[in-house]
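So the structure is just underneath, and the comments pick up after that.
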Protein chains: 4
Amino acid sequence: MDESKAPRPRRGRYRDPQAHAAVLRAARELVAELGYHKVTMERIAARAGVAKMTLYRWWPNKAAVITEAVTDQLAPGPQPDTGSVREDAGAHVTDLVRTLTLLGDPSVVAGALVERGEAGRAELRDLLVAWREPGAALLRRGIARGELPAALDIGAVIDSWLGYALYRVVFLESAPTEADLAGLVDALPYTRRKA
Amino acid sequence: MDESKAPRPRRGRYRDPQAHAAVLRAARELVAELGYHKVTMERIAARAGVAKMTLYRWWPNKAAVITEAVTDQLAPGPQPDTGSVREDAGAHVTDLVRTLTLLGDPSVVAGALVERGEAGRAELRDLLVAWREPGAALLRRGIARGELPAALDIGAVIDSWLGYALYRVVFLESAPTEADLAGLVDALPYTRRKA
Amino acid sequence: MDESKAPRPRRGRYRDPQAHAAVLRAARELVAELGYHKVTMERIAARAGVAKMTLYRWWPNKAAVITEAVTDQLAPGPQPDTGSVREDAGAHVTDLVRTLTLLGDPSVVAGALVERGEAGRAELRDLLVAWREPGAALLRRGIARGELPAALDIGAVIDSWLGYALYRVVFLESAPTEADLAGLVDALPYTRRKA
Amino acid sequence: MDESKAPRPRRGRYRDPQAHAAVLRAARELVAELGYHKVTMERIAARAGVAKMTLYRWWPNKAAVITEAVTDQLAPGPQPDTGSVREDAGAHVTDLVRTLTLLGDPSVVAGALVERGEAGRAELRDLLVAWREPGAALLRRGIARGELPAALDIGAVIDSWLGYALYRVVFLESAPTEADLAGLVDALPYTRRKA
DNA sequence: AATTAACCGAGACGGTACGTCACGTCTTTAA
DNA sequence: TTAAAGACGTGACGTACCGTCTCGGTTAATT
């Protein structure tokens with residue numbers, strides 16, 4: 001009687017993966033159009049052609065939806081190895097800023113913090129961890145090449161870069177120029193003078 | 001002297017300074033006790049013994065009240081001149097971190113951004129400008145003394161410090177240790193090796 | 001048969017009939033206890049064990065709730081046919097006055113007018129229309145029986161009765177006595193002297 | 001020795017009669033323009049060029065201001081004696097309706113009831129008493145002339161007229177036509193058939 | 001003339017209720 | 001068996017008027 005293990009021809013509607021995607025897309029669009037705090041679950045549901053209940057089935061709350069919707073876009077691209085710390089670092093911070101700028105509304109990040117407390121913080125941390133490793137790598141290469149002193153506090157440098165980018169893009173909403181980023185990169189304690 | 005600015009003698013009852021102060025105090029207390037997002041206008045009004053209407057007469061919304069309430073505490077203290085950039089900078093960033101930590105709930109800062117948009121950003125900018133000048137001064141002294149290269153991008157360094165502090169304290173809610181800050185300061189491109 | 005009115009099959013949770021009834025009951029009770037203008041939406045909601053939002057979902061404002069709450073009680077009872085206009089009319093106006101008196105607070109009626117304008121007026125009109133027909137019927141019977149002149153302006157008589165009752169009960173808040181009502185009924189232009 | 005009733009000689013500035021008049025005029029205008037319940041003390045004060053405090057110095061509340069503002073216009077004019085009850089009564093009710101119609105917004109009357117309770121009722125009663133006497137007089141003349149039966153309940157007739165007018169003008173906001181009023185007057189129990 | 005009481009304008013204040021918004025939960029029906 | 005449609009409790013929001021209470025300034029009658 002029971003065919004529960006069979007390649008089961010089942011009744012009812014199948015869980016729709018398109019709906020899932022539609023939700024994330026709707027969330028992204030709405031954030032870009034209205035800014036974080038005018039986006040509501042109701043609106044996301046409407047735009048995605050989905051019931052509000054469905055949102056709450058898959059995400060605990062609004063900030064979670066938006067965070068996920070936006071997270072994909074925040075992963076770092078491949079980091080080149082040019083043989084020069086200065087150039088690698090320049091490319092790295094430029095990519096970081098470009099990525100953060102890409103969020104329609106920078107307060108998305110702030111929103112995750114206000115409304116999600118520890119959870120939001122954790123998610124943010126995870127997200128930014130992805131950016132720490134490539135940065136650390138290029139600095140290590142620089143030390144190995146003798147461009148930077150062996151005693152350099154890699155963590156501190158990386159955090160100051162992340163902080164700088166978040167500060168300019170998210171807090172001040174005035175993205176740094178190429179020159180600003182060059183200044184930042186130039187402030188590393190190179191063992192040799194600039195060419 | 002200029003007469004035109006003579007404070008036009010005004011009519012009507014004066015704004016009650018006690019009420020104003022009570023509101024700010026109440027806001028500070030509540031943020032510390034409940035955390036940013038459990039503070040409501042209603043609660044602030046009740047604690048301050050003030051009508052809710054009075055809050056809205058003087059501040060556009062909750063974030064504005066709290067921002068102002070908290071701003072006083074965020075001004076930098078006097079910055080010492082020890083004759084060593086390394087030490088001055090160490091004291092500076094330590095003071096900065098200590099000050100930011102002093103907010104009961106770091107998401108206050110994030111709240112100002114999410115709920116006040118441009119206005120919140122402006123206020124934050126003004127607030128942080130007060131920290132820029134002392135930092136710039138100590139860097140200029142270092143350059144003058146030959147401790148730092150003349151080409152140093154002072155703005156970039158300062159912003160990376162501010163960013164670092166905000167990132168650690170507000171975003172990650174994991175305040176940097178003394179060692180972390182030492183690492184940050186050590187990453188400056190000193191013209192001479194550390195003693 | 002007409003298909004167009006077929007109750008389009010709808011989805012979603014049904015409107016809770018108990019909540020609806022509880023609201024009306026609460027409104028009736030509160031009006032009786034506190035008088036019209038001390039009744040608030042908040043209080044109605046609390047008493048009914050219902051969210052304030054639910055009130056505003058189904059009624060535009062306080063006056064609307066109370067009007068509906070009170071309307072049920074204002075329908076005329078069955079009107080007897082005694083064969084005598086004088087007696088029918090007496091019973092009719094007595095019933096009318098008794099019904100209006102039954103509102104705990106007469107200013108309910110005034111409230112509907114002040115706060116709801118045209119809508120309130122419409123509702124009141126509908127409500128009173130129910131009283132017009134029985135009155136007209138008894139007058140027509142009287143005319144048919146030759147007790148009243150054929151030329152009698154039935155509408156005018158009815159409106160003067162309604163007006164009289166409202167005026168005494170609602171405006172003056174001094175309900176007419178049996179004698180007063182007898183005087184009113186006696187002022188009809190009977191074709192025959194009183195027995 | 002004691003002259004306590006003497007118009008005690010007083011010091012200080014006198015009450016400004018222009019301000020007083022301006023208030024009443026403003027109130028009348030605003031009622032006509034906005035309708036009773038959109039008139040606020042603030043608006044009256046602004047329109048009259050007067051401080052809100054001044055309003056509360058002289059009137060206990062909004063309904064009182066408006067009631068007084070409107071009362072002047074509600075006194076009955078001189079009532080003619082044509083020698084015919086039918087004609088006198090017609091003129092009387094016509095005048096009554098015209099006067100009530102003259103209020104820009106009929107809900108003024110209702111407003112006095114809702115917001116002033118017993119006090120409002122008393123004022124209204126006083127106001128309408130002025131209309132009772134002329135009506136009673138014309139009915140008495142009719143009885144004296146033998147046009148109406150001696151047993152007529154004069155009070156009931158007058159109240160039904162007042163009620164009718166209020167009902168039509170204030171409650172239904174559909175003023176009676178000449179024909180309606182003729183019907184009303186015709187429904188009196190004349191001892192002789194109409195000519 | 002100086003004093004002083006009563007008025008007036010402006011306007012800030014405590015308070016009550018309003019009507020709205022979005023959240024997150026729960027229920028019913030259609031697919 | 002899933003999800004759409006949608007009603008619900010909850011809690012805070014920001015607004016509107018109310019009626020009260022100072023302020024500074026303006027008349028006038030009293031000293």
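Residue numbers begin at 1 in each chain, while the letters A, B, ... track the order of the sequences. Keep in mind it's a predicted model, so treat the numbers as computed, not measured.
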Let me confirm one number: the CD1-CD distance from A:Ile44 to A:Glu29, rounded to the nearest 0.5 Å.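 Between atom CD1 of A:Ile44 and atom CD of A:Glu29 there are 11.0 Å.
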Using a cut-off of less than 4.0 Å, is there contact between a side-chain N or O of [X] and OP1 or OP2 of [N]?
| X | N | value |
| --- | --- | --- |
| B:Tyr14 | F:dC21 | no |
| B:Trp58 | E:dC13 | yes |
| B:Thr54 | E:dG14 | yes |
| D:Arg57 | E:dC8 | yes |
| A:Tyr56 | E:dG24 | yes |
| A:Arg43 | E:dA22 | yes |

From the set E:dC23, E:dG14, E:dC13, return the single nucleotide nearest to any side-chain atom of B:Val50. E:dG14
Counting side-chain heavy atoms from CB outward, which of E:dC13, E:dC23, F:dA12 is closest to B:Ala19?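 When the side chain of B:Ala19 is considered, E:dC13 is the closest of E:dC13, E:dC23, F:dA12.
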Expressed as a whole number of angstroms, how long is the span from [X]:[atom1] to [N]:[atom2]?
| X | N | atom1 | atom2 | result |
| --- | --- | --- | --- | --- |
| A:His37 | F:dA12 | NE2 | P | 17 Å |
| D:Leu55 | F:dC21 | CG | C1' | 16 Å |
| C:Leu34 | E:dA17 | CG | C1' | 14 Å |
| D:Met41 | E:dG11 | CE | P | 19 Å |
| C:Lys38 | E:dA17 | NZ | C1' | 14 Å |
| B:Ile44 | E:dG14 | CD1 | P | 14 Å |

B:Lys62 to B:Tyr36, cation-pi by 6.0 Å centre distance and 45° axis angle: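 Ring-cation test returns yes.
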Go through the N and O atoms of the side chain of C:Lys52 and the base of F:dG9, and report whether any donor-acceptor pair is under 3.5 Å.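 No pair found.
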Report yes or no: is there a donor-acceptor pair, N or O only, under 3.5 Å between the side chain of D:Arg13 and the base of F:dT26? yes
Could you tell me whether A:Trp58 and A:His20 have their ring centroids closer than 6.0 angstrom?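 Yes: the rings meet the under 6.0 Å criterion.
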Using a heavy-atom cut-off of 4.0 Å across all strands, would you classify C:Met53 as base, sugar-phosphate, or nothing? base
What nucleic acid atoms does C:Trp59 come within less than 4.0 Å of, heavy atoms only: base, sugar-phosphate, or nothing? nothing
Could you say whether B:Asp16 or A:Thr40 is positioned toward the 5' end of DNA chain E, judged by the nucleotide with the nearest heavy atom to each?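 Result: B:Asp16.
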Quick one: on DNA chain F, does C:His20 or D:Glu42 contact a more 5' nucleotide (nearest heavy atom)?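 Nearer the 5' end of the strand: C:His20.
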Answer yes or no: is there a donor N or O on one side and an acceptor on the other, between the side chain of A:Thr54 and the main chain of A:Val50, under 3.5 Å?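 Not at all, since once roles are kept as given, no pair shorter than 3.5 Å links the two residues.
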Without swapping roles, check the side chain of B:Arg47 against the backbone of B:Ala26 for a donor-acceptor pair under 3.5 Å. no
